[in-house]
Peer 1: 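Right, I'll just put the structure down here and ask away after.
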Amino acid sequence: MHAVGIVAAAGSGLRLGVGRPKALVPLAGRPLVGWAVETLLTGGVDEVVVTAPAAEHEAVTAAVPAGARVVTGGATRTASVRAALAVVRPGTDAVLVHDAARPLTPPEVVARVLAALAAGAPAVVPVLPVIDTTVSVDASGLVTGTLPRAALRRVQTPQGFARAPLAAAYAALPEDAELTDDAAVVRAAGVPVATVEGHERAAKVTVAHDLALAELLVAR
Ligand code: CTP
Ligand code: MG
């Protein structure tokens, strides 16, 4: 099975607020995108395509292992993944889409996703249970109900897909559509999405607290 990894790294990192694209922000001295590419390769992906902000093509190229291909991303994550998919060769069996913002994802998560694809799943996402009591509220913030947690999961990346249904789902998606992840894109096309166990270390770096936590984890 030939697997290509796509690393979405073309965002601006507004919520992290360090004044530069999040993928280039260092964790233990190394840009987040470098960590994300390495975990895909260590976990068993054969080649990697990275989406970079238009102005940061060179900086992203310098931050990832030689051999990783860098393409310019789009205005939304959906547009960025679409741009990367366009350079994935049709002979590819599997595509794993990962966030540069999840630098400490253990390679074992990548391996679990690849194993599910090898076993025949057309789409698979790593998930974790919801551990807090989860409620719904009305417009004024009053609690209206408690959600049945047993059926809820937190979804992480890398998300894995057989190449053909992923490409077909993106082709069927309106040009300006903006979905939060790739599993939503294939589900919109009717593809069933399986789950494997994720990992707390695959948490996304979104705000400053997350980066501080990641620095502590690396130092341990
Ligand atoms: N991403 C992308 N292209 C975009 C927007 C996001 O490739 N146009 C990538 C980001 O680089 C990130 C991942 O998608 O690795 C998840 O997005 P998010 O955590 O929202 O990152 P940013 O969009 O960079 O952050 P923010 O929303 O705070 O600006
Ligand atoms: Mg964003």
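In each ligand, atom 1 is the first atom listed, and ligand 1 is the first ligand listed.
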Peer 1: Could you find the nearest protein heavy atom to atom 22 (P) of ligand 1 and give me its residue, atom name and distance?
Peer 2: G13 N, 3.7 Å
Peer 1: Give me the residue, atom name and distance of the protein heavy atom closest to atom 29 (O) of ligand 1.
Peer 2: L14 N, 2.8 Å
Peer 1: For atom 16 (C) of ligand 1, what is the nearest protein heavy atom, given as residue, atom name and distance?
Peer 2: D99 OD1, 3.7 Å
Peer 1: Taking atom types as modelled, find out whether T144 and S136 have a side-chain donor-acceptor pair closer than 3.5 angstrom.
Peer 2: yes
Peer 1: Under 4.0 Å, heavy-atom basis, I'd like to know which part of A75 is in contact with ligand 1: side chain, backbone, both or neither.
Peer 2: backbone
Peer 1: What verdict does the side-chain hydrogen bond (donor to acceptor under 3.5 Å, both in side chains) test give for Q156 and H199, after you've listed the backbone C-alpha separation in whole Å, the side-chain angles of each residue and the deciding distance to 0.1 Å?
Peer 2: CA-CA 8 Å; Q156 303 182 318; H199 200 291; over 6 Å; no
Peer 1: Of all the atoms in ligand 1, which lie at a distance below 4.0 Å from a heavy atom belonging to A9?
Peer 2: 7 (O), 11 (O)
Peer 1: Select one of side chain, backbone, both or neither to describe which atoms of T51 lie under 4.0 Å from any atom of ligand 1, heavy atoms only.
Peer 2: side chain
Peer 1: Atom 7 (O) of ligand 1: which protein heavy atom is closest, and how many Å away?
Peer 2: A10 N, 2.9 Å
Peer 1: Which pair of non-hydrogen atoms, one from A52 and one from V70, has the smallest distance, and what is that distance?
Peer 2: CB-CG1, 3.7 Å
Peer 1: Given D99, which partner from the list K22, Q159, R77 fulfils the side chain to side chain donor-acceptor pair (under 3.5 Å) test?
Peer 2: R77
Peer 1: Does R154 have more than 12 heavy atoms from other residues, nucleotides or ligands lying within 6.0 Å of its CZ?
Peer 2: yes
Peer 1: Of all the heavy-atom pairs spanning V45 and L114, show the shortest one and how long it is.
Peer 2: N-CD1, 4.0 Å
Peer 1: Looking only at distance, does A8 have an N or O less than 3.5 Å from an N or O of ligand 1?
Peer 2: yes
Peer 1: Given the rule in the side-chain hydrogen bond (donor to acceptor under 3.5 Å, both in side chains) test, do H98 and T157 qualify, once you have shown the distances and angles that lead to the verdict?
Peer 2: CA-CA 5 Å; H98 191 36; T157 75; 2.7 Å; yes
Peer 1: Which heavy atom of A36 sits nearest a heavy atom of V7, and at what distance?
Peer 2: CB-CG1, 4.1 Å
Peer 1: Could you list which atoms of ligand 1 come closer than 4.0 Å to a heavy atom of K204?
Peer 2: 18 (P), 19 (O)
Peer 1: Go through ligand 1 atom by atom and flag the ones less than 4.0 Å from a non-hydrogen atom of A101.
Peer 2: 15 (O)
Peer 1: Return yes when at least one protein heavy atom is under 4.0 Å from atom 1 (N) of ligand 1, and no when none is.
Peer 2: yes
Peer 1: If you measure from each heavy atom of G74 to ligand 1, is any distance below 4.0 Å?
Peer 2: yes
Peer 1: Suppose we measure from atom 11 (O) of ligand 1 to each protein heavy atom; which comes out shortest, and what is that distance?
Peer 2: G11 N, 3.0 Å
Peer 1: How close do P192 and A123 get, counting heavy atoms only, and between which atoms?
Peer 2: O-CB, 3.6 Å
Peer 1: Is it true that T206 lies under 4.0 Å from ligand 1, counting heavy atoms only?
Peer 2: no
Peer 1: Check whether any heavy atom of G73 sits under 4.0 Å from an atom of ligand 1.
Peer 2: no
Peer 1: Which residue from E178, K22, R77, R15 reaches closest to atom 20 (O) of ligand 1 through any of its heavy atoms?
Peer 2: R15
Peer 1: Distance under 4.0 Å to a non-hydrogen atom of S80: what atoms of ligand 1 satisfy this?
Peer 2: 2 (C), 3 (N), 4 (C), 7 (O), 8 (N)
Peer 1: Going by side-chain heavy atoms closer than 4.5 Å, which hydrophobic residues are tied to V4, directly or by a chain of links?
Peer 2: I6, V49, V71, V81, L85, V87, V88, V95, V97, V125, V127, V155, F161, L166, Y170, L173, L179, V185, V186, V191, V193
Peer 1: Report the C-alpha distance between E38 and R30 in whole Å, list the side-chain angles of each, state the deciding distance to 0.1 Å, and finish with yes or no for salt bridge (Lys or Arg N to Asp or Glu O under 4.0 Å).
Peer 2: CA-CA 11 Å; E38 186 183 283; R30 180 186 198 190; 3.1 Å; yes
